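Step one of this worksheet: look at the structure below.
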Amino acid sequence: MADMIQTLPLALPASLVDLHRIDLSALYSTGWGVEASDVVGAPNGEVYALYLVYRHTHGVARDEPDPAKANFGYRLIARYSAGGELLASAVCCAPDSEGNASAVLNGSDMTLCVLPDGTLAVSGDPDSTTLITPDLNRVVAGYEGRARRPFEEVSPDDAFASSISVTPSGRLLCATTEYGVWDRSIQILNLVGVADGALTSTSKPAIEALAVLGPARKSDGAPRAHVRYRGRPVDLENRPRPALTERVTGETSYAWDDSRLGRPVPLAEDLFVVPFFARTFRSGSRGQPFAFALVNGQGEMTGRLQGLHEWNDSPFTGSCFAVAADPRRGRAFHLNRYGLYAWGRDGVLRARLDTQNKAFTPLTRFTLTACSPAGDLLLVHRKQHLVLCIPAPDDLGDLASSVEQALRTFARQRTALKGEWSPVNWHWTHTSAARHL
């Protein structure tokens, strides 16, 4: 298995580092940083990574002309071959050095998805999706959602989704925003649905809503026509009921008010894991309720991923909210500061790797992003900016030995990469041309 374990650097284009005179040895407390957003796999074994590099220095004018002093924020997309080679790099979501706007729609909580035809979809809140050719050379379409705020005139948009995942047959599992949830006059990620048609430069399929996180109590009067329920656009009356938070408690209680939706993932063709989490508090949220709900293709909540304790296994510590799934084998995975967890299609916990065990303590430094189509676990080291690809065994009883071997291999591969790339303070750079999208 060791030859299938891969370690991939999230590298910055040297041209970008030179343009802005980024001091790679500087602490992030000085106002700059690198953060991973998402990593996904393609059916051909390639891997795509989305990450952010930014500088926000206090006191710098918004129109500072000198790039060596100016603040900036770029999204970077990297493409790796099945063998781990960096094939292409793209810069997006900010103007280029000549002031030309990016064709990639910016947003918050941005995610990646490789569509059935190989096109790369980049999505973000509020329901903006950009389609990019697999080689990262060209943007082929952009579906832009606009934030809707109180006391502002609502203008039509061309939104699609805030996140997309693909089922084994090629359908699109989507999460979209809705106005007026929890009686708030903003848009919040709230709807989970499935689109049966292809998403292309000329075709935007309708999303059939399966479930909603919380009740919407007000409307902006402009429901998005492509998000439908029983043949009509979702609105205050026409919507899945009861809401997921109501199903968990029997009725919406204080504990679930202002809760938020995580990224849904397919556990099988017609079974989906829909994570949702109670409100977070600045003083700490460990012990707050959360649920990894199982929702079927008819929108019924059939159960939950079982075996997690609200305090001992809390995803709120470190904000570890992602669930990854391998729908072809019917497995789900979750990683937080307390362990790596694996479930079968029935929601029964099959494996728990405790991070208090010295062998698995290194997992606390990683974030789980996704399963590749082959079932590999894709993790990102938050401090060292490295992607670790771990082949998950067919028998989840062997998960502990597989992960332990992967972590040992990661240490060896990291050492080899340091000799090849010569990173500065775990910041990797490459001299390949980076296309501005």
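Just so it is clear, the model here is predicted, and its values are computed rather than measured. For the single chain, residues carry numbers from 1 onward in sequence order.
In the model, S128 has no side-chain atom that pairs as donor or acceptor with a side-chain atom of E144 under 3.5 Å. No hydrogens or angles considered: a donor-acceptor pair under 3.5 Å links the side chains of S162 and D127. A donor-acceptor pair shorter than 3.5 Å can be found between the side chains of N238 and R232. Checked by atom type, the side-chain pair R382/T367 shows a donor-acceptor distance below 3.5 Å. Remark: the R279 side chain and the Q288 side chain contain no N/O donor-acceptor pair separated by less than 3.5 Å. Checked by atom type, the side-chain pair T280/S285 shows no donor-acceptor distance below 3.5 Å.
With salt bridges taken as basic N to acidic carboxylate O contacts below 4.0 Å, one links D38 and R263. Ion pair E178/R224 not flagged as a salt bridge, since none of the NZ, NE, NH1 or NH2 atoms sits closer than 4.0 Å to an Asp/Glu carboxylate oxygen. Comment: D135 does not engage R79 in a salt bridge, judged by the lack of any side-chain N to carboxylate O separation of less than 4.0 angstrom. Salt-bridge formation is detected for the pair D346/R350: a Lys NZ or Arg NE/NH1/NH2 atom is positioned less than 4.0 Å from an Asp or Glu carboxylate oxygen. With salt bridges taken as basic N to acidic carboxylate O contacts below 4.0 Å, none links D326 and R328.
Contact check for I77 versus C92: side-chain heavy atoms found under the 4.5 Å cut-off. At a threshold of 4.5 Å between non-hydrogen side-chain atoms, the residues W343 and L308 count as touching. The side-chain heavy atoms of L340 and V403, taken from C-beta on, include a pair separated by under 4.5 Å. Under the 4.5 Å side-chain criterion, counting only non-hydrogen atoms from C-beta, L10 is not in contact with V34. A heavy-atom distance below 4.5 Å is not found between the side chains of V139 and L131. Contact annotation: the side chain of T245 approaches that of P215 to within less than 4.5 Å [non-hydrogen atoms, C-beta and beyond]. By the 4.5 Å heavy-atom criterion applied to side chains, F410 and L386 are counted as neighbours. Counting heavy atoms from C-beta on, the side chains of L16 and L76 come closer than 4.5 Å.
Formation of a donor-acceptor pair under 3.5 Å by the R365 side chain with backbone atoms of T361 is not found in this model. Not one N or O on the side chain of S203 forms a donor-acceptor pair closer than 3.5 Å with the backbone of L199. Of the possible donor and acceptor atoms, one in the side chain of T369 sits under 3.5 Å from a partner among the backbone N and O of L378. Although no hydrogens or angles enter the test, the distance criterion places a donor-acceptor pair under 3.5 Å between the side chain of Y51 and the main chain of A11. Within the 3.5 Å criterion, the main-chain N or O of S401 finds no donor-acceptor partner in the side chain of D398. Side-chain N or O atoms of R304 include none that pairs as donor or acceptor with a backbone N or O of V248 at under 3.5 Å. Remark: the backbone N or O of L105 is paired with a side-chain donor or acceptor of T130 at under 3.5 angstrom. Judged purely by atom type and a 3.5 angstrom limit, N296 has no side-chain atom pairing as donor or acceptor with the backbone of T302. Listed for the Y341 side chain is no donor-acceptor partner under 3.5 Å among the backbone atoms of Q306. Of the possible donor and acceptor atoms, one in the side chain of T409 sits under 3.5 Å from a partner among the backbone N and O of Q405.
The CG atom of L377 lies 6.0 Å from the CG atom of L368; values are rounded to the nearest 0.5 Å. The structure places OG1 of T167 at 12.0 Å from CG of L271, a figure rounded to the nearest 0.5 Å. R239 CZ to R228 CZ: the interatomic distance, rounded to the nearest 0.5 Å, is 15.5 Å. Separating the CZ atom in R171 from the CD atom in E208 is a distance of 11.0 Å, to the nearest 0.5 Å. Once rounded to the nearest 0.5 Å, the distance linking OH of Y48 with OG of S372 reads 13.5 Å. In this structure, the separation between SG on C93 and CG on L50 is 7.5 Å, given to the nearest 0.5 Å.
Across every non-hydrogen atom of T57 and N71, the tightest pair is N-OD1, 2.6 Å. V273 and A332 make their closest contact through CG2-CB, 4.4 Å (heavy atoms, listed as atom of the first residue, atom of the second, distance). Closest of all the heavy-atom pairs between V295 and A211 is CG1-CB, 4.5 Å. Scanning both residues, W32 and T30, for their nearest heavy atoms gives CD1-OG1, 3.6 Å. The minimum heavy-atom distance linking Y338 with W311 is given by the pair CE1-O, 4.5 Å. Of all heavy-atom pairs spanning L210 and G297, the tightest one is CD2-O, 3.3 Å.
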#### Entry: side chain to side chain contact (heavy atoms under 4.5 Å, CB included) between R75 and N106, intermediate numbers included
CA-CA 9 Å; R75 306 278 182 180; N106 204 359; 3.3 Å; yes

**OP:** Given side chain to side chain contact (heavy atoms under 4.5 Å, CB included), test R435 with N137 step by step and report yes or no.
**Re:** CA-CA 7 Å; R435 181 176 294 275; N137 278 337; 3.1 Å; yes

### Message
Determine whether F366 and L407 satisfy the following criterion, side chain to side chain contact (heavy atoms under 4.5 Å, CB included), listing intermediate values before the conclusion.
### Response
CA-CA 11 Å; F366 288 88; L407 291 172; 4.2 Å; yes

task = Give the C-alpha distance, both sets of side-chain angles, the deciding distance and a yes or no for side chain to side chain contact (heavy atoms under 4.5 Å, CB included) between V166 and C113.
result = CA-CA 8 Å; V166 179; C113 178; 3.5 Å; yes

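In this structure, the ring of H427 has its center less than 6.0 angstrom from the ring center of Y28. In summary, the aromatic rings of F321 and F316 are positioned with their centroids under 6.0 Å apart.
Residues forming a side-chain contact (heavy atoms from CB on, under 4.5 Å) with P240 (at least two apart in sequence, or on another chain): A209, V212, Y229.
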